[in-house]
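Reading through the structure tokens given below for one structure.
Keep in mind that the numbers below use all heavy atoms, side chains included, and drop hydrogens, waters and symmetry copies. Per chain, numbering begins at 1; letters A, B, ... match sequence-line order.
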2 protein chains.
Amino acid sequence: MVPPPRQRRATQVDIARRAGVSQATVSLVLSGGAVSDQIAESTRQAVLAAAAELGYSVNIAARSLKGGRNHLLGLYTFEPVFPTDQRDFYFPFLMGVEEETARQGYDLLLFSSVSSGDRAIYTGGVNRLKLADGCVLLGRNVRREELAELVREDFPFVFIGRRELPGAELSYVGADYVTATSDLVAELVRLGHRRILYLREPADTEPTRDREAGYRQGLAAAGIEVDESLIHELADPADLSPAFVGHWTGTAGVTAILVEPSEDNRLTTALDATSTAATMRFPDDCSIALLGDPPSWTPELRDWTRFSLPRADMARTAVQILVDLLGDPHGAARQVTLPCSFVPGDSIGPAPDRRWPR
Amino acid sequence: MVPPPRQRRATQVDIARRAGVSQATVSLVLSGGAVSDQIAESTRQAVLAAAAELGYSVNIAARSLKGGRNHLLGLYTFEPVFPTDQRDFYFPFLMGVEEETARQGYDLLLFSSVSSGDRAIYTGGVNRLKLADGCVLLGRNVRREELAELVREDFPFVFIGRRELPGAELSYVGADYVTATSDLVAELVRLGHRRILYLREPADTEPTRDREAGYRQGLAAAGIEVDESLIHELADPADLSPAFVGHWTGTAGVTAILVEPSEDNRLTTALDATSTAATMRFPDDCSIALLGDPPSWTPELRDWTRFSLPRADMARTAVQILVDLLGDPHGAARQVTLPCSFVPGDSIGPAPDRRWPR
DNA sequence: ATCAATTCCTAATACGTATTAATAGGGGTT
DNA sequence: AACCCCTATTAATACGTATTAGGAATTGAT
């Protein structure tokens, strides 16, 4: 009794023909519109029977063409999605986005931004993202012009991470780097540290700006004046050698270091090397804490003192906000900041009194 | 000069009006049909300019309703995509699929199959996958009925991992478990082992069947008769305790073990515990090798002897095959098997002569 | 018997795109 | 000038569904 393999999928018209009714009636029965309860029971049964016999399934494209929405959320990252050496950095975001997207009843459209550059948001003047109802954005190498264009087009999107755009309000879910860094400074001060070196990335991105703000805020709260020479740009995290640290502790009286982790594993590699070199020991010779999560984290590596971004949470929240935006197309931009969590670790300790007796 | 925010997304009709041409011309310019090279350069530029100004992007639903391609490949997994404890298992697949999809000029549509079960391929008789041109499938908890229905509908898809379906040919990219297992047996035999315990999963899945076949093939090649009592079903990998191993080495003369890794980290956790218990040492007291990759692999864990699936390769190949299928809709199913790679590790060694002097 | 009310269904249409057959405009050849 | 050919463009149409206004048949009321 199995029907012969069809070339073409059965449509509502096929069902209508078979059941001797109109296509509109079929639609009403199968999709339960507002007036679907007016359908006579006998008719309903006939339609359902015909549908079952033909193995009908609705054509999503047609439905969403009619309805305007296709129940897809996009995820676009401004770098390759799955670079192996950054997997641990991105994975929680992906996980959170995927999870919440599914929970909201959407499917996830992954836009790839390969290095060749021809997979940007706008290719040939066409916005690829619009394939989705809305989009979550992610990544550091943001092309601001494209962001601005997205805002101009009124396309619904939410950035994971705080992003500011002059003259435009955009929605984002950020992490509270300021408070987290400030708290870390407070903790170091409590342990007796007064001269804290802050190693920042050269690039002037929002996270870095926030960390610096937190650094200043933490010192201010402790009544310590900022020594600008202790804010140092570290271009390559690999430079963080024992000699480098020794230089600062020796000549500048530094007793603690705050350093921004890189997305790759250069920093942790350097730290591990320094840590095992035995000429410089954390926290005995110098305390050190990371202003964020090191990537490629494994339980076996040393448990560095740090704060940790609520990545999965940020991602989930971003999706929720996006769905909100879709329901309220003309609402204002939503901006949320989530707190980071402090990870005590074992790389900070009381300040040694000897070098810089205050 | 900024246009007022639009309610409605720009369509080809809007562009046509603005550029002073017809919708058909817009379609030809933007979608590059067969006769698209007949379009005058000036017209083309006008259309592209108008499209850019209006922030046009194609409506996927309309395009795919029309029957054209929408340049989306789907990825459907029969389990949650990003379960934390299985991340290392799935990540290489995702990475490979994403990479090759981008290279082929497609975007990736991630279908999620959350545990609640309402995100199956067919929900309410509707095949969700059809939003994509074709689909890569992945996962162990395969719902065979759904697979059969996909084949029946003639929907283009490729499974990562060998899957057999009675009465239907489907495309897949599998790993050569048979040869890999057989080679592992040969290596153990070369080291003097004669009684090799094979711990298999109870479920009768293709990978497990292949491993068992490889086990038998390896022994046959070495001229060793299979002792059926040495093929043992291990329901919970956590049961692999020192006492358990001791039992087999003591009472059954086993000198080597082949065990199927679980997707979670139960097996490696158990092995680590056993390994550090000091009452049982690998490979001194017993050799052991894994028939596949342990998940959550980190360099710090012990380097178990094993073979490794070419996961990223499998994924990339699957995408290539899928694209092939799309170009040749009525071609036969493609079935590819890729070789595994042997990872020497340090958990096998020469067989001890003492227990079972042969 | 006439009209109103109710029940059940259908015709018509819109959604946005891709495609094909047809057409207008120009330039050449005789 | 009549003809044809080539190029660049368009009108028309199909895809499958959801929705709405309205129509036919039936029932009920007077």
Side-chain angles (χ1 to χ4, degrees), chain A residues 6-48 50-51 54-72 126-127 130-131 133, chain B residues 6-47 50-51 54-72 124-127 130-131 133 153:
Chain A
R6 294 176 309 283
Q7 312 289 357
R8 204 174 55 87
R9 296 183 46 189
T11 72
Q12 292 186 352
V13 173
D14 298 325
I15 297 177
R17 226 184 324 257
R18 187 174 187 114
V21 298
S22 73
Q23 176 267 324
T25 302
V26 174
S27 175
L28 286 177
V29 170
L30 294 180
S31 309
V35 293
S36 64
D37 47 355
Q38 294 180 1
I39 304 291
E41 190 54 30
S42 59
T43 307
R44 157 174 273 108
Q45 291 307 330
V47 167
L48 289 177
L54 292 177
Y56 171 81
S57 73
V58 70
N59 181 323
I60 293 194
R63 169 180 283 176
S64 76
L65 171 58
K66 180 71 180 111
R69 289 282 165 77
N70 49 26
H71 262 66
L72 291 186
V126 169
N127 176 356
K130 286 202 177 171
L131 286 182
D133 293 342
Chain B
R6 292 174 313 282
Q7 315 284 3
R8 208 171 51 85
R9 289 176 44 172
T11 71
Q12 292 187 352
V13 173
D14 299 324
I15 297 176
R17 224 182 325 256
R18 184 172 189 118
V21 298
S22 72
Q23 176 268 325
T25 304
V26 174
S27 176
L28 286 177
V29 170
L30 295 181
S31 311
V35 293
S36 65
D37 48 354
Q38 294 180 358
I39 303 289
E41 190 54 29
S42 59
T43 306
R44 159 176 270 106
Q45 292 306 329
V47 168
L54 292 177
Y56 171 81
S57 81
V58 68
N59 180 320
I60 162 190
R63 171 179 284 178
S64 98
L65 171 59
K66 182 57 187 140
R69 292 284 159 72
N70 49 27
H71 272 272
L72 290 187
V126 174
N127 177 353
K130 290 216 166 169
L131 260 187
D133 293 342
E153 283 191 11

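Contact of the Asn59(B) side chain with the Thr11(B) side chain is not registered, since no non-hydrogen atoms from C-beta on lie closer than 4.5 Å.
Rounded to whole Å, atom C1' of dC15(D) lies 13 Å from atom CG of Asn59(B). Taking atom CD on Gln45(A) and atom P on dC8(C), their separation rounds to 14 Å, with Å as the unit. Atom CD1 in Ile60(B) sits about 15 Å away from atom C1' in dA18(C), given to the nearest Å. In this structure, Leu65(B) atom CG and dA18(D) atom C1' are separated by 13 Å, rounded to whole Å.
The rotation axes computed at either terminus of the helix from dA1(C)-dT30(D) to dT30(C)-dA1(D) lie 70° apart, taking five pairs at each end and rounding to 10 degrees.
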(request) Evaluate the side chain to side chain contact (heavy atoms under 4.5 Å, CB included) criterion for residues Leu48(A) and Val29(A): first the C-alpha distance (whole Å), next the side-chain angles of each, then the deciding distance (0.1 Å), finally the verdict. (result) CA-CA 8 Å; Leu48(A) 289 177; Val29(A) 170; 4.0 Å; yes
(request) Step by step, work out the side chain to side chain contact (heavy atoms under 4.5 Å, CB included) result for Leu30(B) and Tyr56(B). (result) CA-CA 10 Å; Leu30(B) 295 181; Tyr56(B) 171 81; 3.4 Å; yes
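Interatomic distance, CG of Leu65(B) versus NZ of Lys66(A), reported as 12.5 Å (0.5 Å rounding). To the nearest 0.5 Å, atoms CZ (Arg9(B)) and CG (Asp14(B)) are separated by 11.5 Å. Taking OG of Ser64(A) as the start and CG of Leu72(A) as the end, the distance is 8.0 Å to the nearest 0.5 Å. Between the CG atom in Leu28(A) and the OG1 atom in Thr43(A) there is a gap of 11.0 Å [rounded to 0.5 Å].
Close to dA18(C), at under 4.0 Å from its OP1 or OP2, lies a side-chain N or O of Ser27(B). Between Arg63(B) and the phosphate of dG16(C), there is no side-chain N or O to OP1/OP2 separation shorter than 4.0 Å.
Counting all heavy atoms, side chain and backbone alike, Ile39(B) lies closest to Arg44(B) at O-NH1, 3.8 Å.
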(request) Do nucleotides 6-13 of chain D as a string where each nucleotide becomes B, S or -: B if the base has a protein heavy atom under 4.0 Å, S if just the sugar-phosphate does, - if no protein is that close. (result) --BBBB--
